[in-house]
Novice: 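Okay, here's the structure, questions in a sec.
All heavy atoms count here, side chains included; hydrogens, waters and symmetry mates do not.
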Amino acid sequence: MTDSLTVRDNRTGQEYEVPIADGAIKAADLGQIKTGDDAPGLAVYDPGFVNTASCRSSVTYIDGDKGILEYRGYPIEQLAEKSSFLEVAYLLIHGELPTREQYETWVHEITFHTFVHENVKSFMQGFRYDAHPMGMLMASVGALSTFYPDARNISDAQNRHIQIVRMIAKMPTLGAWAFRHAQGKPYVYPDNDLSYTANFLSMLFKMSESKFEADERLVRALDVLFILHADHEQNCSTNAVRSVGSSQVDPYSAVSAGIGALYGPLHGGANEAVLRMLRRVGSKENIPAFIQGVKDGNERLMGFGHRVYKNYDPRATIIKKACDDVFEVTGVNPLLEIAQELEKIALEDEYFVKRKLYPNVDFYSGLIYEAFQFPPEMFTVLFAIGRTPGWLAQWSELVQDKEQKIARPKQIYTGARTLEFVPASERWS
């Protein structure tokens with residue numbers, strides 16, 4: 001039996017055999033299907049790429065029906081429990097877990113590059129007092145390409161490595177400074193005696209003390225959140241990184257495009273929407289009326305359901321556990337009781353079970369971020385810091401993939417044709 005698809009074109013009666021490889025057909029193979037030699041070949045119309053594979057990738061595996069998420073073959077549950085964010089970053093970038101020596105070198109390199117040029121600081125200080133932290137992050141990451149012009153040499157493996165190290169190292173610095181800028185507080189320089197995540201918390205919250213010491217439970221919880229956000233296959237922002245990167249631009253510009261995509265409310269802002277929903281519900285007593293409103297189409301249940309997962313989002317289970325550690329330090333967020341009751345109802349109510357509306361990663365992450373005293377506009381910045389290794393792993397894979405071409409989708413033209421132009425002197429007379 002041949003792995004192929006036999007397609008009959010009912011317009012012409014002609015049949016075509018299209019090869020199947022890895023459960024997919026090449027869209028270009030459909031181009032041979034046409035009504036005549038001069039006619040255009042058949043194209044695939046797929047807004048949002050809901051059933052179109054744009055690449056071959058070995059970075060992240062997702063089975064949405066079974067609720068499986070793996071980085072380089074390792075289940076997310078094991079990585080979140082037993083690994084660290086920088087070890088996961090190494091795994092995503094290099095494709096395998098590091099030896100002790102490789103890990104120590106990797107951590108040293110990233111720690112060494114956490115500082116940014118003083119001119120970057122001046123650049124960020126030029127933003128308005130009320131600039132959105134995500135806009136500041138997007139602009140400052142893009143600006144790094146001007147500080148490292150050698151980053152354009154993407155064909156050199158060693159050059160790619162140093163740019164990857166720089167970006168993972170400097171992203172928390174830029175994110176923390178955007179946070180401090182919005183509060184009118186002085187920027188805090190990195191403390192290279194601290195771990196990656198502890199250093200980030202220091203740059204965020206340090207005031208007059210000589211050394212900032214965060215509770216280890218908070219450091220670990222934030223590290224786990226970074227791990228959970230590290231990559232998620234070909235989502236909107238990753239697609240943006242790959243699409244812009246396909247022009248062979250430097251990685252700072254490509255990642256800046258990913259940050260721009262993440263900035264949008266349909267991608268990175270879902271956990272903020274969950275908090276707004278929980279506040280609107282107000283108390284457990286109001287939940288039945290809210291649930292009925294959802295069923296009647298008058299309310300939206302935020303943080304449930306996912307475009308990919310048709311089962312329980314595996315990241316949601318891990319985040320739910322992290323909540324306990326965070327609230328042990330900060331005190332319980334009063335919205336947690338509402339969230340837990342909503343989750344209980346959604347998992348039991350036939351209306352939600354039938355529609356496979358299970359809690360996703362955004363349902364509990366907003367509660368944790370709020371417990372850290374992050375304002376909602378910082379949520380996507382945290383997401384971007386965690387996602388940076390994934391973006392860079394995908395970018396690195398892209399530039400080494402011989403099959404990849406510059407992104408240039410087809411379109412179906414729906415406008416007018418062959419109009420006769422009338423000069424302004426005649427149109428306006």
Novice: Using modelled atom types and a 3.5 Å cut-off, is there a donor and acceptor pairing between side-chain atoms of Q248 and backbone atoms of I154?
Specialist: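 The answer is no, because no donor-acceptor pair under 3.5 Å joins these two groups.
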Novice: With sequence neighbours excluded, tell me which residues meet ring-ring contact (aromatic ring centres under 6.0 Å, His included) with Y196.
Specialist: F85
Novice: Using the ring of each side chain (for Trp, its six-membered ring), is F383 parallel, tilted or perpendicular to H267, with breaks at 30° and 60°?
Specialist: perpendicular
Novice: Counting distance only, does the side-chain N/O of R387 pair as donor-acceptor with the main-chain N or O of H229 below 3.5 Å?
Specialist: yes
Novice: Taking all heavy atoms of P314 and all of I68, pick out the closest pair and write down the distance.
Specialist: CG-C, 4.4 Å
Novice: Counting distance only, does the side-chain N/O of R180 pair as donor-acceptor with the main-chain N or O of A176 below 3.5 Å?
Specialist: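 Answer holds: no.
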Novice: Work out which heavy atom in S84 is nearest to a heavy atom in I227; give both atom names and the distance.
Specialist: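 Smallest interatomic distance, heavy atoms only, reads C-CD1, 3.7 Å.
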Novice: Run L86 and Y103 through side chain to side chain contact (heavy atoms under 4.5 Å, CB included) and show every step you take.
Specialist: CA-CA 8 Å; L86 286 187; Y103 181 68; 4.2 Å; yes
Novice: Apply side chain to side chain contact (heavy atoms under 4.5 Å, CB included) to residues L382 and L225 and explain how you reach the verdict.
Specialist: CA-CA 9 Å; L382 299 165; L225 283 165; over 6 Å; no
Novice: Is there a donor-acceptor contact under 3.5 Å from the side chain of D9 to the main chain of Q14?
Specialist: no
Novice: If a pair satisfies salt bridge (Lys or Arg N to Asp or Glu O under 4.0 Å) and one of its residues is in residues 40-62, list it, with sequence neighbours excluded.
Specialist: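 Residue pairs passing salt bridge (Lys or Arg N to Asp or Glu O under 4.0 Å), neighbours aside: D22-R56, R56-E403.
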Novice: Answer yes or no: is there a donor N or O on one side and an acceptor on the other, between the side chain of T114 and the main chain of I110, under 3.5 Å?
Specialist: no
Novice: Ignoring hydrogens and geometry, is there a side-chain-to-backbone donor-acceptor pair from R8 to E15 under 3.5 Å?
Specialist: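 Side chain of R8 to backbone of E15: no pair is present.
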Novice: Answer with yes or no after comparing the ring centroid distance for F363 and Y358 against a 6.0 Å cut-off, counting only values under it.
Specialist: no
Novice: Check I62 against V308 and note the closest heavy-atom contact, atom names and distance.
Specialist: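 It is CG2-CG1, 3.2 Å.
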Novice: Tell me whether the rings of W106 and H161 are parallel (<30°), tilted (30 to 60°) or perpendicular (>60°).
Specialist: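 Correct class here is tilted.
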Novice: Do side-chain atoms of N360 reach the backbone of D362 as a donor and acceptor pair under 3.5 angstrom?
Specialist: yes
Novice: Keeping K170 on the side-chain end and F115 on the backbone end, is there a donor-acceptor pair under 3.5 Å?
Specialist: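 Here the side-chain-to-backbone pair exists.
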Novice: How would you list, by chain and number, every residue that makes a ring-ring contact (aromatic ring centres under 6.0 Å, His included) with H113, sequence neighbours excluded?
Specialist: none
Novice: Okay, side chain of S140, backbone of L137: is any donor-acceptor separation there less than 3.5 Å?
Specialist: yes
Novice: Does R220 CZ have over 12 foreign heavy atoms under 6.0 Å away?
Specialist: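 Yes, because the 6.0 Å sphere around CZ of R220 holds more than 12 heavy atoms from other groups.
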Novice: Measure centre to centre between the rings of Y309 and H232, then say whether the value is under 6.0 Å.
Specialist: yes
Novice: Should the heavy atoms of other residues, nucleotides or ligands under 6.0 Å from OH of Y45 be counted, would the total exceed 12?
Specialist: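 Atom OH in Y45 is not packed in, count stays at 12 or less.
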Novice: Look at the aromatic rings of F374 and Y369 and report parallel, tilted or perpendicular, splitting at 30° and 60°.
Specialist: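 Taking Y369 first and then F374, their aromatic rings stand perpendicular (interplane angle over 60°).
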Novice: Does atom CG of D150 have more than 12 heavy-atom neighbours from other groups under 6.0 Å away?
Specialist: yes
Novice: With a 4.5 Å heavy-atom cut-off, do E343 and Y364 have their side chains touching?
Specialist: yes
Novice: Might you confirm whether atom OH of Y351 has over 12 heavy atoms from other residues, nucleotides or ligands at distances under 6.0 Å?
Specialist: yes
Novice: Passes ring-ring contact (aromatic ring centres under 6.0 Å, His included), F179 versus F205? Steps please.
Specialist: CA-CA 9 Å; F179 173 76; F205 299 120; 5.7 Å; yes
Novice: Determine, stepwise, if the pair Y74 / L97 fulfils side chain to side chain contact (heavy atoms under 4.5 Å, CB included).
Specialist: CA-CA 10 Å; Y74 292 94; L97 291 170; 3.5 Å; yes
Novice: Answer yes or no: are there more than 12 heavy-atom neighbours, outside K356 itself, under 6.0 Å from its atom NZ?
Specialist: no
Novice: Write down the atom of S243, the atom of A407, and the distance for their closest heavy-atom approach.
Specialist: OG-CB, 3.4 Å
Novice: Could you report the tightest heavy-atom contact between S237 and G258, atom names first, then the distance?
Specialist: CB-O, 3.3 Å
Novice: Say whether, by atom type as modelled, one donor and one acceptor occur between the side chain of Y71 and the main chain of D231 under 3.5 angstrom.
Specialist: yes
Novice: Apply side chain to side chain contact (heavy atoms under 4.5 Å, CB included) to the pair F352 and K295, showing each step before the final yes or no.
Specialist: CA-CA 9 Å; F352 301 105; K295 294 178 180 179; 4.3 Å; yes
Novice: Grab the two heavy atoms, one from V422 and one from E426, that are nearest each other, plus how far apart they are.
Specialist: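 Looking at all heavy atoms of both residues, the shortest contact is CG1-CB, 3.7 Å.
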